[in-house]
Amino acid sequence: MFNLVKMDVRRLFRSHSFYITLGVTAALILGLVALVATMTDQRTLDAMASQGMEVEESDYEMKAELNSMTQLDFAHECLGSGFLLLLTGIGVTLFIHSDFSSGFVKNLCFARPRRWEYVLSKVLAVGVYSGVINLLGILLSLVCPVLFGLHPVASSVGSILQYAFWLWLPAWAFGLMALALVVLTRSSTLAIVMSVISGGGVTVAVLRTVCGQLGWPALEQYLLSYVAQYLCAPGLGTSQITMILACSIGWAAVYAAGSLLAMEKRDI
């Protein structure tokens, strides 16, 4: 089992799709921070006003407000949209799908017929995948503001690590959704589509609307995209921590069990 995990992690860090996903993550965060810095620069605002665009006093005060934020609050503003879920789901899909398109999974499962070992190894590999993406996102959102002239108030290392951990859990569980869909369909299409739809918050919006129309409880709060966007925030309370743990562990168990059943009940 240990050798399988080691092999998967080695293959992960040698995979082109892994570095493409990291590059896209870095580019998105750099672009976001650069846009924020540009749109809060006084010279830019003056130029916009001179061109006849409406610039309010609050726009000039925005940079001071950004500099009064803590580093962790600024990082959450950058990462709280849930786009890390989307990137994790797509990246995991590309990594896992290569097993089926290359014939790797067929050779491996014939040599080691206990397919639960394959699934467990992939579960741990997805944890590494999502962990690296989240770590990169947090590091860049902490460092980039300084590069563009923004200086949020420093946050403690402990609070940053705590935020990183709670942000990582739903991302890991979300990656397991992509794993389950790839294992079930042997295709990357459905997993990528679901990663985009769910990671982008569409499922949350649809379920919220349906529950509101039918008078049901707010079931959307149990979705991983909702947890990542609305609960994973700096300074978590007990109720938030409980919900993050329950939803992350619950969905992870569902997706892992589904992957195992799909592997055990179908020919490869």
Side-chain angles (χ1 to χ4, degrees), residues 17 21 24-25 27-29 31-32 35 75-97 122-123 126-127 129-131 133-134 137 141 163 166-234 236-237 239-262:
S17 63
T21 305
V24 172
T25 303
L28 286 173
I29 295 175
L32 175 61
L35 179 62
H76 181 63
E77 290 295 324
C78 295
L79 306 177
S81 64
F83 79 94
L84 290 181
L85 296 183
L86 187 152
L87 293 174
T88 299
I90 292 177
V92 167
T93 299
L94 298 176
F95 174 63
I96 303 299
H97 174 63
K122 287 298 184 289
V123 168
V126 170
Y129 202 120
S130 58
I133 290 179
N134 277 267
S141 60
Y163 175 73
W166 296 116
L167 190 66
W168 169 55
L169 286 184
W172 187 357
F174 192 88
L176 295 182
M177 177 195 70
L179 166 65
L181 292 174
V182 173
V183 170
L184 178 64
T185 64
R186 310 296 198 256
S187 171
S188 61
T189 304
L190 181 59
I192 290 178
V193 170
M194 285 302 300
S195 296
V196 173
I197 291 176
S198 184
V202 176
T203 53
V204 170
V206 171
L207 188 56
R208 180 188 289 125
T209 301
V210 170
C211 291
Q213 292 293 328
L214 299 178
W216 292 353
L219 299 178
E220 74 276 0
Q221 64 181 319
Y222 303 111
L223 298 180
L224 291 170
S225 52
Y226 182 94
V227 171
Q229 293 182 43
Y230 299 104
L231 297 184
C232 296
L236 294 172
S239 60
Q240 291 172 292
I241 291 175
T242 302
M243 183 64 78
I244 293 171
L245 278 174
C247 292
S248 299
I249 294 174
W251 283 112
V254 169
Y255 294 137
S259 300
L260 180 59
L261 289 174

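For reference, positions follow the sequence shown, starting with 1.
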**Q** Distance from Leu219 atom CG to Leu214 atom CG, nearest 0.5 Å?
**A** 10.0 Å
**Q** Is any side-chain heavy atom of Thr21 closer than 4.5 Å to a side-chain heavy atom of Thr88?
**A** no
**Q** Just do the side chain to side chain contact (heavy atoms under 4.5 Å, CB included) check on Leu224 and Tyr255 with the steps written out, would you?
**A** CA-CA 12 Å; Leu224 291 170; Tyr255 294 137; 4.3 Å; yes
**Q** Rounded to the nearest 0.5 Å, how far does CG of Leu176 lie from OG of Ser130?
**A** 8.0 Å
**Q** Measure the spacing between CD1 of Ile192 and CG of Leu94 and express it to the nearest 0.5 Å.
**A** 5.0 Å
**Q** Kindly give the heavy-atom pair with the smallest separation between Leu231 and Gln240, and that separation in Å.
**A** O-NE2, 3.4 Å
**Q** Within the structure provided, determine whether Leu28 and Leu87 are in side-chain contact (heavy-atom separation under 4.5 Å).
**A** yes
**Q** Would you name the heavy atoms of Ile244 and Cys232 that are closest together and state the gap between them?
**A** CD1-SG, 3.8 Å
**Q** Name the orientation class of the two ring planes belonging to Tyr230 and Tyr226 (parallel below 30°, tilted from 30 to 60°, perpendicular beyond 60°).
**A** tilted
**Q** Check Cys78 against Ser141 and note the closest heavy-atom contact, atom names and distance.
**A** CB-CB, 4.1 Å
**Q** Shortest non-hydrogen contact from Gly200 to Leu86?
**A** N-CD1, 4.4 Å
**Q** Which heavy atom of Thr93 sits nearest a heavy atom of Ala178, and at what distance?
**A** OG1-CB, 3.4 Å
**Q** Can you name the nearest heavy-atom pair linking Val92 to Tyr129, along with the distance?
**A** N-CZ, 4.0 Å
**Q** Please round to the nearest 0.5 Å and tell me the distance separating atom CG of Leu245 and atom CE of Met243.
**A** 11.0 Å
**Q** For the CH2 atom on Trp166, are there more than 12 heavy atoms of other groups (residues, nucleotides or ligands in this structure) within a distance under 6.0 Å?
**A** yes
**Q** Which distance, rounded to the nearest 0.5 Å, do you find between the CH2 of Trp172 and the OG of Ser248?
**A** 10.5 Å
**Q** Rounded at 0.5 Å granularity, tell me how far CD1 in Ile90 sits from CG in Leu85.
**A** 11.0 Å
**Q** Taking Pro170's backbone N and O only, do any of them form a donor-acceptor pair with Trp251's side chain (distance below 3.5 Å, no angle check)?
**A** no
**Q** Are the side chains of Met177 and Ser195 in contact, using a 4.5 Å heavy-atom criterion?
**A** yes
**Q** State, yes or no, whether a side-chain contact exists between Phe83 and Ile29 at a heavy-atom distance under 4.5 Å.
**A** yes
**Q** Using 30° and 60° as the class limits, which term best fits the ring planes of His76 and Tyr163: parallel, tilted or perpendicular?
**A** perpendicular
